[in-house]
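Here the structure comes first, spelled out in structure tokens, and everything after it is commentary.
Order of appearance sets the numbers: ligands from 1, and atoms from 1 within every ligand. We use all heavy atoms of the structure for the numbers below, so side chains are in, but hydrogens, waters and symmetry mates are not.
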Amino acid sequence: MPCSFSALKNGKMMGTIAENIDSIRHRIRIAAERAGRDPRSVRLVAVSKHQPLEAIRQAMAVGQVVFGENYLQEASDKIAVLGQGVVWHCIGHLQSNKARLAAEIFDCIETLDRLKLAKALESRLVELGKIMPVLVQVNVGGEAQKAGVSPKEAGQLCHELQQFPHLILQGLMTMPPFVENPEESRGCFRQLRLLGEDLAAQGFLGQRGSVELSMGMSGDFEVAIEEGATLVRVGTALFGER
Ligand SMILES: *Cc1c(COP(=O)(O)O)cnc(C)c1O
């Protein structure tokens, strides 16, 4: 058995994980340049939920640094084994009663969407003496089944987060409604960027540097980059179908 397996998409062979990462990095660079942006201002978050350790190791071997995980127990098991040297982002919905473990294992929480969760994270971070970068998740599409604050509530939550010294608010994250054509998500991505600019102008965001915008997935990350994404969360195009 060769140890570098190929990713599958709709039953078709994709490249190896190393080849996929290479191709995604290239596409990130082209999209950034098309938008007149520095390609280094865009970081790739490899979404590794439901992927085996070996797949993650292959990505690490070609220099992938940031990984995104959705499920706390799965993330905890993986981080315990693969541990140091890479960075783990929480990109899944977090229950407040799981905040203690999340505060321990993650390097960034991208899905902060309510005060209660912020309080629970802060109380564990105080004990740990750990500073946690966070993003506020915004439900730009207003879908009932999706987590995130409404764009209207985002300012209030960002304001409230200022009372928690261990949470470093770095920006916003969104997951737009599913569409076939990535162009249809452009409006949502733009709305998140404008919201970020608005909150920065009000002094809620960006005091500690530039505003991070986590948006764009396998099907639409290039459009997201054109609209200002600084973090793109790519799973399927990198690892294959889950
Ligand atoms: C699974 C997931 C992704 C990756 O989606 P792909 O379409 O596989 O690239 C990105 N963001 C979030 C929040 C996810 O849950």
Side-chain angles (χ1 to χ4, degrees), residues 6-12 14-17 19-28 31 42-52 55-56 58-59 64-76 78 87-95 98 102 105-114 117 133-149 170-186 188-189 192 212-225 227-242:
S6 291
L8 282 171
K9 187 176 189 197
N10 302 327
K12 290 193 300 249
M14 297 169 65
T16 62
I17 286 168
E19 287 166 352
N20 294 342
I21 289 184
D22 219 40
S23 138
I24 293 163
R25 284 176 181 155
H26 177 74
R27 289 167 60 189
I28 288 173
V42 184
R43 279 184 300 154
L44 172 60
V45 179
V47 175
S48 47
K49 61 173 173 238
H50 299 334
Q51 298 296 339
I56 299 174
Q58 286 181 28
Q64 178 59 34
V65 175
V66 188
F67 290 86
E69 287 282 343
N70 292 62
Y71 308 104
L72 197 60
Q73 196 52 56
E74 180 186 336
S76 175
K78 286 173 173 171
V87 174
W88 300 90
H89 283 206
C90 174
I91 62 167
H93 181 67
L94 258 187
Q95 292 168 275
K98 306 277 179 63
I105 66 172
F106 285 113
D107 302 296
C108 174
I109 309 279
E110 295 200 14
T111 48
L112 190 53
D113 62 355
R114 58 205 190 280
L117 175 59
V134 297
L135 306 180
V136 163
Q137 181 175 3
V138 184
N139 186 356
V140 176
E143 293 171 283
Q145 73 276 21
K146 284 225 172 98
V149 290
Q170 292 194 323
L172 306 175
M173 176 272 205
T174 199
M175 204 167 161
F178 177 79
V179 290
E180 285 293 335
N181 178 355
E183 277 300 326
E184 291 173 47
S185 295
R186 187 180 291 279
C188 280
F189 295 146
L192 194 76
E212 297 274 11
L213 296 174
S214 176
M215 55 190 196
M217 314 197 299
S218 288
D220 56 16
F221 69 86
E222 286 143 311
V223 173
I225 290 168
E227 294 301 328
T230 64
L231 292 162
V232 291
R233 309 180 308 268
V234 179
T236 311
L238 199 161
F239 290 112
E241 295 286 348
R242 293 180 281 273

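In H50, the NE2 atom is crowded: over 12 heavy atoms of neighbouring residues, nucleotides or ligands sit closer than 6.0 Å.
With sequence neighbours left out, T174 forms a side chain to side chain donor-acceptor pair (under 3.5 Å) with no residue at all. Shown here are the side chain to side chain donor-acceptor pair (under 3.5 Å) partners of Q95, two or more places apart in sequence or in another chain: K98. With sequence neighbours excluded, the residues forming a side chain to side chain donor-acceptor pair (under 3.5 Å) with E212 are R43, T230, listed by chain and number.
Residues with a heavy atom under 4.0 Å from ligand 1: V47, K49, N70, I91, M173, M175, M217, S218, R233, V234, G235, T236, R242.
Taking the six-membered ring for Trp, F106 and W88 have ring centres at least 6.0 Å apart.
A donor-acceptor pair under 3.5 Å is absent between the side-chain atoms of Q51 and the main chain of G235, judged by distance alone.
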